[in-house]
Amino acid sequence: MTKNYDAIIIGGGHNGLTAAAYLAKAGRKVIVLEQRHVLGGAAVTEEIFPGFKYTVYSYVISLLPPRIIRDLELPKHGLHLMPLEGAFTPMEDGNYIASYADEDDTIDEIRRHSRRDADIFPLYSNLMYDLARAVRPILTMVPPDLRRPGMDGLRTIRDLGKHVQTLGKEKFHWLTKIMTMSAHDFLREWFETDVLIATQASIGIVGTMLGPKSPGTAYVLLHYFLGELDGALSSWGWQRGGTGGVSEAIASAARSYGAEIRCNAPVVQVIVQNGQAVGVALENGDEIYGKTVVSACDPKVTFRKLVDEKDLPSELVQAIDNFKYRGSSGKVNLALDGLPDFPAMKDKALMRAMQEICPSTDYLEQAYDDAKYDDFSKRPFMGCIIPSTVDPSMAPPGKHVMSIFVQYACYDMPSHGDRDQQRDAFGNAVIDTLAEFAPNIKDLILHKQVLTPWDIEQELGITEGNISHGELMLDQLFFMRPTPGWAKYRTPIRNYYQCGSGTHPGGGITGTPGRLAAMEIIKDGK
Amino acid sequence: MENKTSERELSGAKELRNKYDVIVIGAGHNGLVTAGYLAKAGHRVLVLEKREMVGGAAVTEEFFPGYKYSSLASGASALSPAVITDLNLHQHGLEILPTDPLIFSPQPDGSHLTIWHDVTRTADEIAKYSQADAAAYPQFIKVLRSYSQIMAVLNNIPPPDLPDVRWGDMISLLKFVKPVRNLGWEYVAQVIRVLPMPISDLLNEWFESNVVKGTIAASSVSNISWGPQETGTAFALFYNCSVSSNNLFKFSGRVKGGMGALTKSLANAAKSFGAEIMTNSEVAEIVMESGHAIGIKLTNGDLITAAAVVSAVDMRTTFLKFIDPYFLDQKIVKHIQNIKYRGTMARVHYALDELPSFTAAGADVQQLISGTVQIAPTMSYLQKAYDPVKYGRYSKRPYLDIQIPTLTDSTLAPEGKHCMSVTVKYIPFHLHEGDWDEMRGVIRQLVTDTISEYAPDFESCVQDCKVITPLDIEDVYNLPEGNPVHGDMTLDQILWMRPIPGYAQYRTPVHNLYLCSAATHPGGGVTGINGKNSSREILKGLK
Amino acid sequence: MKQTPFHPRTSELCELYNWSLWSNWLLVDMYAPDHTHEYFAVRTACAVFDISMIPKYHIHGPDALGLLNRIVTQDVSRCAVGRVLYTPWCDDEGKIIDDGLLAHLDEGSFRLTTGDPMLYWLEDNAVRLDVSIDDVTESLAGLALQGPFSRDLLKQLSGEEIEKLAYFDITKTKIAGIPVEVSRTGYTGDLGYEIWVQPQHAVQLWDMLFEAGEAYRLIPFGDFALEMTRIEAGLLLTDVDFNSSMKVVHEFQKSSPLELGLGWAVKLDKEFFVGQEALKQEKARGPAWATVGLEVDLNSLEAIFAEFDMPLYLPPEAWSEAVPIYSHGEQIGKATSGTWSPILKKSIAIARLKPQYAKPGTVVDMEVTIDAQRKQAKATVVKLPFYDPPRKKSMGSH
């Protein structure tokens with residue numbers, strides 16, 4: 001038996017680290033166990049190819065709440081966030097649409113496509129800002145347990161009711177709509193320019209196996225709009241040195257409060273005695289004991305791998321088995337000999353923006369339809385960033401790294417052969433499509449890393465490679481994330497907690513599940 | 001502004017003032033139910049119908065001499081038993097003929113799944129495909145029924161105009177206590193989780209066989225323009241169960257004489273209570289006086305006034321055609337313009353010389369195909385049928401609901417002959433290319449070919465065929481964009497969002513103008529519930 | 001960032017490079033150090049302000065009148081051809097969206113100028129109406145020629161006809177041969193004109209005006225001087241003195257035209273317009289706010305400065321950050337913009353107060369901060385406008 005901890009945290013992703021930091025700050029003796037050689041989980045930076053730093057799995061940062069940045073003093077620990085300068089979307093006819101950090105510039109750009117849409121755009125942003133404000137309190141509260149509400153839960157439900165009342169009629173109706181509509185239909189009520197709708201709708205599909213015309217995607221759009229409201233930045237942004245820097249900053253904060261962090265320490269099992277978690281067993285045979293065990297892993301790993309089925313009620317087992325992951329996004333990271341040339345790009349400053357391949361709503365929908373029957377999109381939706389255009393530390397002088405978020409690819413795509421063949425075919429589709437819009441890309445590639453959802457699962461252990469730890473769908477949100485009855489970060493096993501993105505409020509580099517879980521653990525007096 | 005009535009304009013036309021308390025626009029089933037209830041309560045009611053017959057979407061038409069068809073709607077089990085009793089419909093000629101099985105679903109491999117009303121019998125059938133599914137089915141139906149009980153309560157009250165809650169709404173809440181207690185409080189969270197799900201996900205949780213999943217899933221898309229993988233389709237399945245007297249996920253039963261006989265009985269009932277019904281009377285305008293509806297003007301110029309006007313037609317027609325939107329708040333106009341109709345259904349009616357032989361049915365054919373023959377073998381078949389609609393294209397391999405009513409009611413066709421009516425999904429109203437004249441032929445061939453895959457001799461049985469395209473549904477049956485339920489029953493267009501937010505309780509921004517069509521809560525299907533709920537609210541207003 | 005058709009000239013003259021952005025258009029704040037002489041040019045000679053960036057919509061067709069009458073609160077049917085109308089417009093709840101000028105150009109043909117781009121609102125309201133709405137913002141350049149000598153200058157360039165142009169008239173004419181539309185309108189509260197011209201003739205028009213204008217001491221003026229004059233004239237500015245109901249976050253940030261003292265421009269007896277019902281109800285119960293002028297008691301202000309052993313200082317620029325107004329220690333409203341008026345020798349402000357304090361002569365306390373310390377100076381409620389020279393409306397000469 002080794003040292004006794006107050007909390008053992010399984011998984012050194014940003015949520016595990018955030019929970020660790022909050023617990024350590026509250027005076028708990030904490031250890032974080034990470035299976036890989038680096039911290040950060042899906043938010044890591046690695047030098048896969050000499051001289052080039054890849055933000056391997058994630059790409060941009062939008063949702064990190066200022067609350068966590070302040071509480072954990074992250075800038076002191078190396079957080080260095082910069083705003084993205086906007087977005088650039090080439091169209092199939094050679095035209096393009098762009099957005100800029102400055103809203104007036106964006107409006108003028110939209111006016112090139114439609115005067116009406118330009119006029120209405122500020123009203124749309126206003127509404128989204130408003131709705132984001134309306135849901136923010138919900139996203140930062142511990143969801144009630146509707147099955148056994150108790151006094152606490154009833155109070156939460158009453159507060160929620162009151163909050164909704166304060167929204168007023170119009171906003172409430174908009175909120176109903178945005179919770180239930182497709183991004184496409186929602187945006188159609190505002191705009192007439194298809195490519196504008198496509199660029200907005202593309203936000204609504206991130207991390208889901210849904211198309212822009214699938215109901216439920218309007219909510220995802222709002223989920224990411226929160227970043228614009230509440231994020232450390234007024235828009236999407238990046239961390240100096242790669243997204244891994246965010247995890248490192250949180251880790252450094254946690255250490256400064258006394259947390260112990262161990263890499264290369266895969267946990268194989270949570271040790272449960274008399275229905276109570278007492279420690280964890282590592283792959284190397286070590287056992288570590290502590291008063292609480294907190295899993296930052298996804299729900300399937302938390303409930304179906306780390307603990308024994310017999311310790312769980314059968315309905316929870318069934319609910320977790322029904323929990324939908326459907327990893328739908330892949331990642332392609334490129335080392336480039338120079339900057340790609342997008343012929344449609346008139347203003348080269350847009351190289352510093354996100355280059356988005358989503359030329360029309362039908363393009364996005366087709367990408368989804370291609371992929372949804374166990375395949376990848378022949379012409380996928382892509383979000384490309386070239387961090388080396390603003391951060392020289394990412395690549396050798398004159399060279400660049402390009403990080404491409406790709407949707408859609410399924411977890412298994414058997415029609416393309418074995419896993420290697422699937423990966424190759426997927427990678428080729430990405431590069432071929434990108435070359436339609438930036439013809440010189442193929443000549444520039446020095447090194448290419450392709451990750452399908454399956455690869456992400458292999459590397460990170462996240463089920464089905466969904467970096468959000470489960471789809472953001474209506475039936476998997478709030479008090480139903482991961483499942484009704486177990487959404488309050490606790491589990492049926494005493495002293496065993498969950499704090500990953502599979503809990504409320506869900507995915508994105510938010511740290512909020514980690515913070516809320518830590519608060520609950522502290523509340524329980526553990 | 002063009003059709004504002006002034007006294008001068010009206011000088012050659014007739015005027016009927018103060019003869020009626022209520023005018024109902026549209027003699028569809030909901031209009032007739034409303035008229036029936038209001039007349040029964042002692043009000044002088046006039047129903048105006050544009051067509052030469054009453055019934056709206058629930059009509060029987062003789063497309064070929066001697067062959068009578070339920071043109072659009074089918075499925076008698078949806079009609080609310082309370083409406084039947086309250087309006088004495090059985091005395092007025094309503095006769096419902098039971099059908100069993102509910103669904104006969106032939107498979108491309110020659111096998112078939114039959115869903116019977118009897119749950120155990122169905123489970124035995126399912127066992128052909130999966131033992132586990134056979135075991136799960138009775139439990140699934142139990143859950144379906146208990147959740148639907150809660151919905152049934154909801155169907156019968158006006159939904160609160162959230163976020164505003166009135167005292168009446170609080171009192172309505174009490175009605176939920178019993179069904180919720182029956183279900184158990186801890187399952188309320190499950191209901192909230194399950195209703196907004198895609199039916200595909202829900203069925204994946206319950207069943208493993210693609211055939212079982214496909215067969216059940218098809219029923220969820222009847223009132224919705226989407227495929228089974230879309231969020232909210234589970235709601236549609238529960239809705240069917242909540243309104244259907246068979247307590248199952250699909251409507252069954254037939255009306256003797258076709259659906260037109262149902263609306264005829266409604267009309268007779270209304271008349272027996274003193275209501276008047278005028279056919280061939282097209283409303284041109286709802287006449288307003290300082291924000292109040294005071295009557296209607298017909299296309300022939302006649303003006304008829306009443307204390308209340310009730311619209312049994314859809315929202316767009318009511319507010320953007322009958323009323324001059326010039327005098328409406330901008331927000332209301334916008335809400336109405338934003339209602340999604342998007343019809344995706346066509347109907348094909350065949351006159352058959354003899355019964356086609358469905359390969360999968362074998363010897364029991366007469367019995368097996370007497371309910372609905374459903375061509376939707378798997379869930380991905382259904383979803384793939386839907387996919388093209390998103391781009392304005394039609395399904396190359398469509399989902400079909402086939403009924404041969406002559407098997408239960410031989411009066412519908414000449415002796416020895418048969419009528420077959422097919423609901424075809426998905427044929428989008430908004431076509432990306434091609435025109436409807438051309439599409440008529442395409443749909444005919446498509447349906448004939450699809451049926452022939454399962455009944456190879458089908459084409460040789462066909463004597464005649466009539467195609468009702470989504471455009472026909474709009475033009476002939478006055479259902480905009482060919483949507484029979486006056487607006488898709490998607491999650492954003494139900495409950496307090498139906499027909500438009502702020503007006504879920506059958507009232508409208510125009511004083512004395514009420515709604516009772518399928519555009520209102522709870523939605524589509526020949527249920528009569530909309531009319532019943534609406535009449536209750538109108539009676540409160542008429543006091 | 002956009003430049004107006006006059007940019008080649010304004011940029012040459014803007015020695016200070018003192019620009020700001022207005023809806024992403026480059027706008028001169030002040031041409032040379034000390035904008036006060038630009039202000040005095042408006043009040044004593046004549047000066048031009050580039051108004052090309054103002055959103056402009058050409059509304060024409062059989063239902064043009066109908067559409068406009070549905071939208072705006074004024075009765076458009078009473079606006080004859082050749083006349084211009086000032087009007088606000090509201091949402092369904094009777095809260096102001098924006099205001100602007102509506103010119104009746106020809107039978108069934110109008111031009112609406114607005115503060116914010118408004119195409120969607122015009123289109124959305126045109127359901128089932130037979131009307132065309134063209135956004136002509138960029139196809140029409142504009143100059144505001146303002147000041148007591150503006151008429152003389154225009155007369156010299158386009159003839160005696162200009163003499164006949166009454167306040168809020170509009171006419172087609174030529175200036176030194178260039179086809180223009182001239183209206184006797186402005187945002188300075190002085191005698192003045194607004195001249196609309198095809199963009200390709202803009203620079204030429206400028207040159208002609210300045211060539212002839214030398215005799216009348218014509219200079220260009222920027223936004224700083226404009227602000228001072230419009231406050232003196234008691235004219236409200238969107239986003240400053242009121243917020244568009246379309247853009248605010250909270251209900252309480254919205255205003256109604258009745259609260260803004262624009263009741264004279266709200267014709268409740270019209271058949272219908274958007275917001276009518278709500279405004280009728282508001283009128284019946286009385287608006288919650290009144291918009292008034294405030295004259296700061298400079299003696300009381302001087303005394304406050306004296307507490308700090310400082311001489312009275314009045315900044316030369318107009319201000320537009322709202323400050324609280326108190327009466328007996330209780331906040332009763334806010335001043336939304338104000339300025340030192342060099343011509344009145346007064347410190348003035350536009351304020352929104354609870355109605356019981358709106359009677360002219362009422363003395364209130366206005367918050368002033370000196371070296372980050374909060375003080376209250378006396379101010380007296382007066383009627384708007386502060387400055388209203390007879391020449392603004394008169395037909396004679398100055």
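We name chains A, B, ... by the order of the sequence lines, and we start the count at 1 in each one.
The part of D102(A) that comes within reach of chain C is its side chain, from C-beta onward, which places non-hydrogen atoms under 4.5 angstrom from that chain. Both the backbone and the side chain of D105(A) come within contact range of chain C, each with at least one heavy atom under 4.5 Å from a heavy atom of that chain.
Between W289(C) and F242(C), a ring centre-to-centre spacing not shorter than 6.0 Å is recorded.
Counting non-hydrogen atoms of other residues, nucleotides and ligands closer than 6.0 Å to NZ of K348(A) gives a total above 12.
The greatest number of non-hydrogen atom pairs below 4.5 Å with chain A, out of K2(C), M1(C), M118(C), E251(C), is found for K2(C). In terms of heavy-atom pairs under 4.5 angstrom with chain C, the leader among L127(A), D108(A), D130(A) is D108(A).
Using a 4.0 Å cut-off between charged side-chain N and carboxylate O, E227(C) and R230(C) make a salt bridge.
Both the sub-6.0 Å distance and the 45° axial angle are satisfied by K177(A) relative to the ring of W174(A).
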